[in-house]
Chemist: 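Before anything else, here's the structure in question.
The chains referred to below are lettered A, B, ... by the order of the sequence lines, with proteins before strands, and numbering in each begins at 1.
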Number of protein chains: 2
Amino acid sequence: MNNWDRENSIAKFVRDRRKKAKLTQVELSDFTGVGLRFVRELEQGKPNLMTDKVNQVLLFFGNTLTPTPISDETRRNMGK
Amino acid sequence: MNNWDRENSIAKFVRDRRKKAKLTQVELSDFTGVGLRFVRELEQGKPNLMTDKVNQVLLFFGNTLTPTPISDETRRNMGK
DNA sequence: TTAAATTATACCCATAAAGGTATATATTAT
DNA sequence: ATAATATATACCTTTATGGGTATAATTTAA
């Protein structure tokens, strides 16, 4: 087993959005063009990821990775 | 020469903040613990980067990478 | 409870990121 | 204009990501 942080903001974001869209990991993998394994590691909070791969997935949900002040980040995460 | 996008949000962010802090690339490299070459590629808009390395630099400026709606992103970039 | 579907873990491989360093170009100050 | 500082480009090496696949384990549905 790994001890990644499934609760990190990116992992949570993708899991939540995918479920809201009623998609499986396989489908998300197909739609975004990233490998299935990547989707899984992403959702499980793997710490080291390539930014363009992450963006490839986030773009599907209309988002991208951007620098955000820590305070905003924590605020953002307060809303569950 | 490479044809990366120096104007991408992350590259611009780091360049601007570093200059505002009156630091050289070497100093930023030392302070953040990432390699000098990484700082350079980061500021020049290399598209494929490891998220944790990027965060290692962003953290120095009190920021982190987070998923952000495209609309917010463009809005954010309107403020130069 | 069982079967089907979804998600998680474990392996190998190719590719490229990141580090280091050395040289060239550009910017700044004298 | 010249020297000093800072930034950019180019090389090689190590390392680990991401892909693929095959097998567990877990969740969901019948």
Side-chain angles (χ1 to χ4, degrees), chain A residues 1-68 77 80, chain B residues 1-68 77 80:
Chain A
M1 188 180 60
N2 65 51
N3 54 325
W4 300 338
D5 175 19
R6 285 176 55 91
E7 299 311 309
N8 87 60
S9 58
I10 300 175
K12 264 192 352 190
F13 177 88
V14 175
R15 264 184 289 128
D16 291 358
R17 288 304 198 92
R18 178 175 63 78
K19 286 177 187 171
K20 280 181 188 165
K22 304 256 185 200
L23 297 175
T24 68
Q25 293 177 336
V26 175
E27 289 169 327
L28 185 59
S29 161
D30 288 344
F31 289 153
T32 59
V34 304
L36 174 55
R37 242 200 47 205
F38 180 84
V39 171
R40 288 171 176 165
E41 294 180 335
L42 174 63
E43 292 196 359
Q44 286 173 58
K46 183 175 180 179
N48 276 19
L49 299 170
M50 310 288 311
T51 53
D52 72 332
K53 288 290 163 190
V54 177
N55 278 326
Q56 211 171 323
V57 174
L58 293 186
L59 209 60
F60 181 77
F61 297 117
N63 288 59
T64 56
L65 286 180
T66 56
T68 310
N77 290 350
K80 185 172 146 295
Chain B
M1 185 180 61
N2 65 51
N3 54 325
W4 300 338
D5 176 20
R6 283 176 57 92
E7 298 311 310
N8 88 58
S9 57
I10 300 175
K12 265 191 356 189
F13 177 89
V14 174
R15 265 184 287 129
D16 292 357
R17 288 303 198 92
R18 177 174 63 79
K19 286 176 186 170
K20 279 182 187 164
K22 305 254 185 202
L23 297 175
T24 68
Q25 293 177 336
V26 176
E27 289 168 328
L28 186 57
S29 161
D30 288 345
F31 290 153
T32 59
V34 304
L36 174 56
R37 243 199 46 203
F38 181 84
V39 170
R40 289 172 174 163
E41 295 180 334
L42 174 63
E43 292 196 358
Q44 287 173 57
K46 181 175 182 181
N48 276 18
L49 301 169
M50 309 287 313
T51 53
D52 72 332
K53 288 290 162 189
V54 178
N55 279 325
Q56 210 172 322
V57 174
L58 294 187
L59 210 60
F60 181 78
F61 297 118
N63 287 59
T64 56
L65 285 180
T66 55
T68 310
N77 290 351
K80 187 168 146 296

Chemist: Can you check whether A/W4 reaches A/P47 side chain to side chain, under 4.5 Å on heavy atoms?
Modeler: yes
Chemist: Take atom CG of B/L49 and atom C1' of D/dA16, then tell me their distance rounded to the nearest Å.
Modeler: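 Value for this atom pair: 15 Å.
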Chemist: Parallel, tilted or perpendicular: which one describes the rings of A/F60 and A/F31, with boundaries at 30° and 60°?
Modeler: parallel
Chemist: By salt bridge (Lys or Arg N to Asp or Glu O under 4.0 Å), which residues pair with B/E41, not counting sequence neighbours?
Modeler: B/R37, B/K46
Chemist: With a 4.0 Å limit, can you tell me whether B/K53 has a side-chain N or O closer than that to the phosphate oxygens OP1/OP2 of C/dA17?
Modeler: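 For C/dA17, neither OP1 nor OP2 has a side-chain N or O of B/K53 closer than 4.0 Å.
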Chemist: I'd like to check A/F61 versus A/L28 (side-chain heavy atoms, cut-off strictly below 4.5 Å). Are they in contact?
Modeler: yes
Chemist: Could you tell me how far apart B/E41 (CD) and C/dA17 (P) are, to the nearest whole angstrom?
Modeler: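 Checked: the CD to P distance equals 8 Å.
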Chemist: Please check if the side chain of B/T51 supplies one atom and the backbone of A/L49 the other of a donor-acceptor pair under 3.5 Å.
Modeler: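 Judged by distance alone, yes, a pair lies under 3.5 Å.
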Chemist: Using a cutoff of under 3.5 Å, can you pull out all pairs of nitrogen or oxygen atoms linking the protein to nucleotides 3-7 of chain C, with atom names and distances?
Modeler:
unit_1, atom_1, unit_2, atom_2, d
C/dT7, OP1, A/R18, NH1, 2.7
C/dT7, OP1, A/R18, NH2, 3.3
C/dT7, OP2, A/Q25, N, 2.9

Chemist: Provide the closest heavy-atom pair for B/P67 versus A/L65 in the form atom of the first, atom of the second, distance.
Modeler: N-CD2, 4.2 Å
Chemist: Using atom NZ of A/K46 as one end and atom C1' of C/dT9 as the other, report the distance to the nearest whole Å.
Modeler: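 Atom NZ in A/K46 sits about 13 Å away from atom C1' in C/dT9.
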Chemist: Whole Å only: how far is the CG atom of B/D52 from the C1' atom of C/dG19?
Modeler: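 Nearest whole value for this atom pair: 14 Å.
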Chemist: In this structure, how many angstroms lie between the P atom of C/dG19 and the CZ atom of B/R37, rounded?
Modeler: 8 Å
Chemist: In whole angstrom, what separates B/Q56's CD from C/dG19's P?
Modeler: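 Atom CD in B/Q56 sits about 8 Å away from atom P in C/dG19.
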Chemist: Return the value, rounded to whole Å, for the distance between atom NZ of A/K22 and atom P of D/dT27.
Modeler: 18 Å
Chemist: Hey, does the side chain of B/N48 come within less than 4.0 Å of C/dA16's phosphate (OP1/OP2), counting only N and O?
Modeler: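 For C/dA16, OP1/OP2 do not have a side-chain N/O of B/N48 under 4.0 Å.
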Chemist: Specify the separation, in whole Å, of atom CH2 of A/W4 and atom C1' of D/dT17.
Modeler: 10 Å
